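Reading through the structure tokens given below for one structure.
For ligands, and for the atoms within them, numbers begin at 1 and follow the listed sequence. These numbers come from the heavy atoms of this one structure, side chains and all, not from hydrogens, waters or symmetry mates. Treat the numbers as computed from the prediction; the structure is a model and nothing was measured.
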Amino acid sequence: MDCRIKFFSLLFTISLLPAATSVGPPLRETPKCRFSPQYSLEDVLSDSDAFVWDLLYWEGHFHQNNVGYNQANGMTFDGTLLDPITGTANFSGLHPFSAASKESLHVMILAHAVAGSSFAARFLSPEEPQSTPRIAYEILEKKLKTYVQFNQTYPGFGGFLPWFLSNETDIRPTLDWVNRVPALDNGELLWAVYGAVQALERSNQSEFTDLARGWQAWLDYTKTTATEVFYNGTGRVCAVTAIGNQSEPLGGPDQSYMCEGNQTLNDPYEGELFTWWLYLFSDLNTAKKEELWTVKRTQVVATEWHSNTSLGDVTVQKGYWFSSHEQWKLLEMPYTDVLLIKRIFHNAERARTCNSFLNGVPGMYASVNNVTDESGQILGYISNAGVPSISFLPVQELDVITPYSVFPTVLFDRNVGLAWWKNMVDGKGMQNLYGSTESERVDGAGISSFVSWDSKVTTVAAILGGVTDLVRDKMKEDGIYDTFVEVSQREYTLAFGDRLEGEDVELCLPNVGVPDTGKVVDYESCR
Ligand SMILES: *[C@@H]1O[C@H](CO)[C@@H](O)[C@H](O)[C@H]1NC(C)=O
Ligand SMILES: *[C@@H]1O[C@H](CO)[C@@H](O)[C@H](O)[C@H]1NC(C)=O
Ligand SMILES: *[C@@H]1O[C@H](CO)[C@@H](O)[C@H](O)[C@H]1NC(C)=O
Ligand SMILES: *[C@@H]1O[C@H](CO)[C@@H](O)[C@H](O)[C@H]1NC(C)=O
Ligand SMILES: *[C@@H]1O[C@H](CO)[C@@H](O)[C@H](O)[C@H]1NC(C)=O
Ligand SMILES: *[C@@H]1O[C@H](CO)[C@@H](O)[C@H](O)[C@H]1NC(C)=O
Ligand SMILES: *[C@@H]1O[C@H](CO)[C@@H](O)[C@H](O)[C@H]1NC(C)=O
Ligand SMILES: *[C@@H]1O[C@H](CO)[C@@H](O)[C@H](O)[C@H]1NC(C)=O
Ligand SMILES: *[C@@H]1O[C@H](CO)[C@@H](O)[C@H](O)[C@H]1NC(C)=O
């Protein structure tokens, strides 16, 4: 068996939850922007507390007005381009848009901030940690106002969010999302808000519990609209719904909903978060709810990752690309309460880390923005990055790695996950005034001079243990926890039985760094 301390990060976070007054690692001087190379791999592996403290401090600098979010409306910005030489952000490089998935990361951090986590305080308000719950409350209040206003202006969305322009006080759909709405991102958002409601309710302050009721009303509204907007009959859920007219009310005579194209949301990965919302809360009858699982059952597939070495084989759930992004659902719902699922997802990290180790790759893979060119523009988005040998879609582009690929590893072993994060971030230009940089080429020939929620805050959320503790407690109060455990256990048992190969394999560690080719140098503002 893996003899490292398992689930340390989860336990540690639980102990911090009631903890406005809790002891974090001792306050030290402001860490250096370029702190990562100051630590050795052994430092991080033996005790990552100090490293985490520095990481949270700098990633938190992304959370500032006109970089990661908009103070005027409490909404996220997708991210911002950095000057390739200086590393500073500049308003003309801001992505003025965002989506429900980025909102989910923001809300997860805010939930922990409300709950008194000293880690969330280090991220949000390191100079004045005691104000953190208040700061989070104010952002959540503003955010809810923006959501409610959006629902009034665009009632056709049924309360859900499309990709939206976030640079004005009132948000509106981006041009390419007029009359369209995605299920996957909204599923991520719903469970994050569910966790935040629990944190607000628990605080016992009347203002906070009032705000909990406001958010609960928003959640409750989506329970009444989810079927109409996304359910397509016979177990099919639209991946993207085409709305007749976003300005017309749902249920009105001039409104309609259809799946766009043939794409249905039947993935057993992060898209499943939306399936659970329909299953646990919608008005569908029992037979129709069961169909939601039958149509996606064939996609839950057990497969073997072959090391082709003495490490042997490791049984994993077949990935789409096996991008780390696919594990997002572990940040939100308490899947790992089911022992079999915990074992399967732990195995996934054995395969992920050892695949990079055995192939001499200095980091791991996840869907991410490509590198930027000389003029500082992003070359494209690389969706198809993961582990080809254990994926449905094995045609992949494997020239770019990203720090956030470690987030699912962090959920199982914080030190090993952060050792990989350090190994990637030690690459030239991979730290900046807002924390880690988006991505880098494995051959050291380029980086993506960009910062974003996806590539940064997934790791922060994993360090916080996701919101699964909050979500579990509320699910118990809502009387849906046992059903969740039973159904998820049933679906994974059908595909896996009980026998998994490779549970004695240790998570692997990096054995090569990103080469210094001289083509990339550290940012002037972060050396
Ligand atoms: C901001 O970006 C614009 C356009 O890319 C550029 O002209 C300007 O020099 C940049 N400003 C700073 C302070 O980097
Ligand atoms: C927000 O972004 C959109 C799209 O880039 C642009 O048309 C609009 O002028 C921007 N608004 C503000 C206030 O900057
Ligand atoms: C809120 O009140 C409950 C019941 O009185 C108590 O158990 C809990 O510790 C309180 N929570 C906080 C954060 O003060
Ligand atoms: C959303 O708008 C509809 C009217 O179209 C309203 O009935 C509903 O209460 C609103 N939901 C929220 C959460 O504000
Ligand atoms: C399902 O979506 C298709 C388009 O993909 C549409 O033609 C059909 O009307 C929809 N059916 C229901 C019941 O929503
Ligand atoms: C959509 O609905 C709004 C509000 O009823 C209306 O003003 C607009 O003309 C409609 N758009 C189209 C294309 O029918
Ligand atoms: C949509 O799916 C159906 C059933 O799987 C198939 O027969 C049809 O060809 C598909 N249409 C398109 C446009 O891909
Ligand atoms: C083991 O060999 C198979 C078949 O050639 C290949 O697909 C897989 O990537 C190899 N495993 C590793 C860890 O390289
Ligand atoms: C990423 O950039 C490389 C050049 O560095 C290019 O060869 C590749 O096609 C790009 N891929 C995407 C999806 O943008």
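- Counting the atoms of ligand 8 from 1 in the order shown, those under 4.0 Å from a heavy atom of N308 are 1 (C), 2 (O), 3 (C), 8 (C), 10 (C), 11 (N), 12 (C).
- Residue H306 has at least one N or O atom closer than 3.5 Å to an N or O atom of ligand 8.
- Each of the following atoms of ligand 2 lies closer than 4.0 Å to a heavy atom of E168: 1 (C), 8 (C), 10 (C), 11 (N), 12 (C), 13 (C).
- Here the side chain of E438 pairs no donor or acceptor atom with the backbone of V368 at under 3.5 angstrom.
- Aromatic pair Y69/F77: ring centres not closer than 6.0 Å.
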Just list the N/O pairs, ligand 4 to protein, that are under 3.5 Å apart, with the distance for each.
unit_1, atom_1, unit_2, atom_2, d
ligand 4, 2 (O), N151, OD1, 3.3
ligand 4, 2 (O), N151, ND2, 2.4
ligand 4, 11 (N), N151, ND2, 2.8
ligand 4, 14 (O), N151, ND2, 3.4

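- Judged by distance alone, with hydrogens and angles left aside, the side-chain atoms of K329 form a donor-acceptor pair with the main-chain N or O of P268 at under 3.5 Å.
- The closest donor-acceptor contact from the side chain of S405 to the backbone of M364 lies under 3.5 Å.
- In terms of modelled atom types and a separation under 3.5 Å, the side chain of D413 and the main chain of T409 share no donor-acceptor contact.
- Close approach to P96 involves these atoms of ligand 2, each under 4.0 Å from a residue heavy atom: 2 (O), 5 (O).
- Taking all atoms of both residues into account, the shortest heavy-atom contact from S203 to F208 is OG-CB, 3.0 Å.
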Could you go step by step and tell me if E304 and T315 meet the side chain to side chain donor-acceptor pair (under 3.5 Å) rule?
CA-CA 5 Å; E304 304 292 322; T315 308; 3.1 Å; yes

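- Shown in contact with N167 at under 4.0 Å from a heavy atom are these atoms of ligand 2, numbered in order with element: 1 (C), 2 (O), 3 (C), 8 (C), 10 (C), 11 (N), 12 (C), 13 (C), 14 (O).
- A cation-pi arrangement is present between K318 and F392 under the rule of less than 6.0 angstrom and at most 45 degrees off the ring axis.
- Residues satisfying the side-chain hydrogen bond (donor to acceptor under 3.5 Å, both in side chains) test with K143, not counting sequence neighbours, are E103, H106.
- When heavy-atom distances to ligand 8 are checked against a 4.0 Å cut-off, T309 has no atom that comes that close, whether in backbone or side chain.
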